[in-house]
Amino acid sequence: MRKHATMAVILMFAAAASSWALVGLEDVKFDGSLEINGNSAKNETDYNDSGNDRRGGANTRVRLGVNATVTEGVLGRVEFTRTGRQYGTGATTIAGEENLIQVQNAYIELADIFGVKAKIGRQYVGNANDLVWYIGPLNDDSLTVNAIDGLALSAGSKYVDVSLFMGKASEDDGLTNTDVDDAAGDVNLNSLDLVLPTLVPGGKVTLGYMWGVDKNTNASSDNNNLKIYRVGVSGGAMDNMVNYHAEYLMNDGALNGALNDTDYEGSAIDLGVGVNLKAAGDLALGINYVLASGDDNTTDTKDESFRDFS
């Protein structure tokens, strides 16, 4: 019986491989992760040892990605995520798990359209270490996963790499509805980046522009328009034993009001240096310094505190 069971499993996998081939998905690859994040804190409510306000917990996140070559130069990806499971909360049912599994990636990637790479659908954007432009799996206490629907375009040469993203973070209307009766409107987020890899030996210069619009209601007089300009340099020396980054960010745009607009005038700097100790394996040390402006007058028409899309 054991030998027959083994043969049955082999036949099942063979049939599955044939099924993929029938729909044109011969090259199917899987990736994923199981992550566990523990945290502990105390004295958060009374700031002293007199009360029993300690907390401690562990959260998990599961990610399963499926990548398939649809045809030459066309890749599809679907990623399933399950997050928010906290240790000690008991077992869940199959029906309960169905409501907790989300499809956070569902896109098609085109390798070459007249020299431009395109990705359209629900996707992650940005870099996990970026201060102001990252929408994806977060390393917070809850192991949150965010994604955005949009179109990403990129192209490059020896002297410059260009990437453009145009996305919809929130849509409040049905397909044929308008904004006339909106109590809350759409949120659109966009980013344009230029990377210059040859200006600095061993490094690169990055120029960026991000703009987002929150259409609060049907009236355009209360739209929230935030823009962020950025310029930075990053790189390494001594065969990347030493790495560095420095960036300046500046706000623009305004929060429209019924009587007056509040202009965004904040700024921030991000500086960092790190050392990779190859002799000690993967050990790395780093120092990071971030300074953001604040607003000392909340009654005028200028918001001098630095703002980002979060």
Side-chain angles (χ1 to χ4, degrees), residues 31-32 61 63-71 73-81 83 101-140 143-156 160-179 182 184-195 206-217 220 223-230 232 249 251-253 264 307-310:
D31 59 66
R61 175 167 64 197
R63 298 169 58 191
L64 173 63
V66 183
N67 305 282
T69 301
V70 181
T71 185
V74 181
L75 173 71
R77 175 174 173 83
V78 177
E79 181 178 309
F80 304 92
T81 65
T83 191
I101 297 173
Q102 297 181 332
V103 181
Q104 289 289 19
N105 276 184
Y107 63 77
I108 291 292
E109 186 173 303
L110 307 175
D112 189 356
I113 305 178
F114 303 108
V116 177
K117 185 177 180 180
K119 184 189 297 183
I120 183 167
R122 188 161 185 83
Q123 56 191 282
Y124 304 139
V125 297
N127 186 299
N129 296 318
D130 199 311
L131 285 179
V132 294
W133 184 245
Y134 177 63
I135 304 174
L138 303 177
N139 291 323
D140 57 1
L143 294 176
T144 309
V145 180
N146 295 318
I148 187 171
D149 302 309
L151 171 65
L153 303 173
S154 60
V160 61
D161 295 319
V162 183
S163 60
L164 171 66
F165 179 80
M166 297 175 290
K168 176 78 68 174
S170 177
E171 172 61 69
D172 73 313
D173 290 316
L175 186 61
T176 59
N177 293 349
T178 68
D179 295 330
D182 280 356
D186 302 341
V187 178
N188 302 309
L189 300 178
N190 313 277
S191 175
L192 175 64
D193 290 290
L194 283 78
V195 178
T206 302
L207 306 174
Y209 171 58
M210 290 160 283
W211 67 103
V213 180
D214 180 2
K215 300 178 181 179
N216 289 321
T217 68
S220 59
N223 284 354
N224 193 358
N225 298 276
L226 175 61
K227 304 172 184 177
I228 303 175
Y229 302 94
R230 65 192 312 175
L249 304 106
N251 286 152
D252 194 8
Y264 292 122
R307 301 288 184 176
D308 63 20
F309 293 138
S310 63

Hey, could you give me the [atom1]/[atom2] distance between [X] and [Y], rounded to the nearest 0.5 Å?
X      : Y      : atom1 : atom2 : value
Lys119 : Leu153 : NZ    : CG    : 11.5 Å
Tyr134 : Asn127 : OH    : CG    : 8.0 Å
Phe165 : Leu192 : CZ    : CG    : 13.0 Å
Thr206 : Leu194 : OG1   : CG    : 9.0 Å

Quick one: are [X] and [Y] in side-chain contact, heavy atoms under 4.5 Å?
X      : Y      : value
Asn67  : Leu75  : yes
Leu189 : Ile135 : yes
Met210 : Lys227 : no

Would Tyr264 and Leu226 count as a side chain to side chain contact (heavy atoms under 4.5 Å, CB included) if you check the C-alpha gap in whole Å, the side-chain angles of each, and the deciding distance to 0.1 Å?
CA-CA 7 Å; Tyr264 292 122; Leu226 175 61; 3.7 Å; yes

List the steps and the verdict of side chain to side chain contact (heavy atoms under 4.5 Å, CB included) for Leu138 and Asn146.
CA-CA 8 Å; Leu138 303 177; Asn146 295 318; 3.8 Å; yes

What residues, two or more places apart in sequence or in another chain, satisfy side chain to side chain contact (heavy atoms under 4.5 Å, CB included) together with [X]?
X      : result
Arg122 : Gln104, Ala147, Asp149
Val74  : Val70, Thr71, Ile108, Leu110
Asp214 : Val187, Asn216, Asn224

Those residues at least two apart in sequence (or on a different chain) that pass salt bridge (charged side-chain N to carboxylate O under 4.0 Å, His left out) with Lys168 are Glu171, Asp186

Starting from the C-alpha separation in whole Å, work towards a yes-or-no answer on side chain to side chain contact (heavy atoms under 4.5 Å, CB included) for Trp133 and Val125.
CA-CA 8 Å; Trp133 184 245; Val125 297; 3.9 Å; yes

Where [X] and [Y] come nearest, the two heavy atoms and their spacing:
X      : Y      : value
Asp140 : Leu143 : OD1-N, 2.7 Å
Ala106 : Val103 : CB-CG1, 4.2 Å
Tyr124 : Thr81  : OH-CG2, 3.9 Å
Gly115 : Ala155 : O-CB, 3.8 Å
Thr144 : Arg61  : O-NH1, 3.0 Å
Leu151 : Gln123 : N-NE2, 4.3 Å

CA sep, side-chain torsions, deciding dist, call: Asp193, Val162, side chain to side chain contact (heavy atoms under 4.5 Å, CB included):
CA-CA 6 Å; Asp193 290 290; Val162 183; over 6 Å; no

Check the side chains of Asp161 and Ser163 for a donor-acceptor pair under 3.5 angstrom, ignoring hydrogens and angles.
no

Can you run down the salt bridge (charged side-chain N to carboxylate O under 4.0 Å, His left out) pairs that involve residues 124-134, sequence neighbours left out, and say none if there aren't any?
Asp130-Arg230

List in chain and number order the residues that pass ring-ring contact (aromatic ring centres under 6.0 Å, His included) with Tyr229, two or more places apart in sequence or in another chain; answer none if no residue qualifies.
Tyr209

So Arg77 and Asp31, salt bridge (charged side-chain N to carboxylate O under 4.0 Å, His left out) or not? Walk me through it.
CA-CA 11 Å; Arg77 175 174 173 83; Asp31 59 66; 2.9 Å; yes

Looking at Lys117, I'd like to know if its NZ atom is crowded, meaning that more than 12 non-hydrogen atoms belonging to other residues, nucleotides or ligands lie closer than 6.0 Å.
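Not more than 12 within 6.0 Å, no.
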
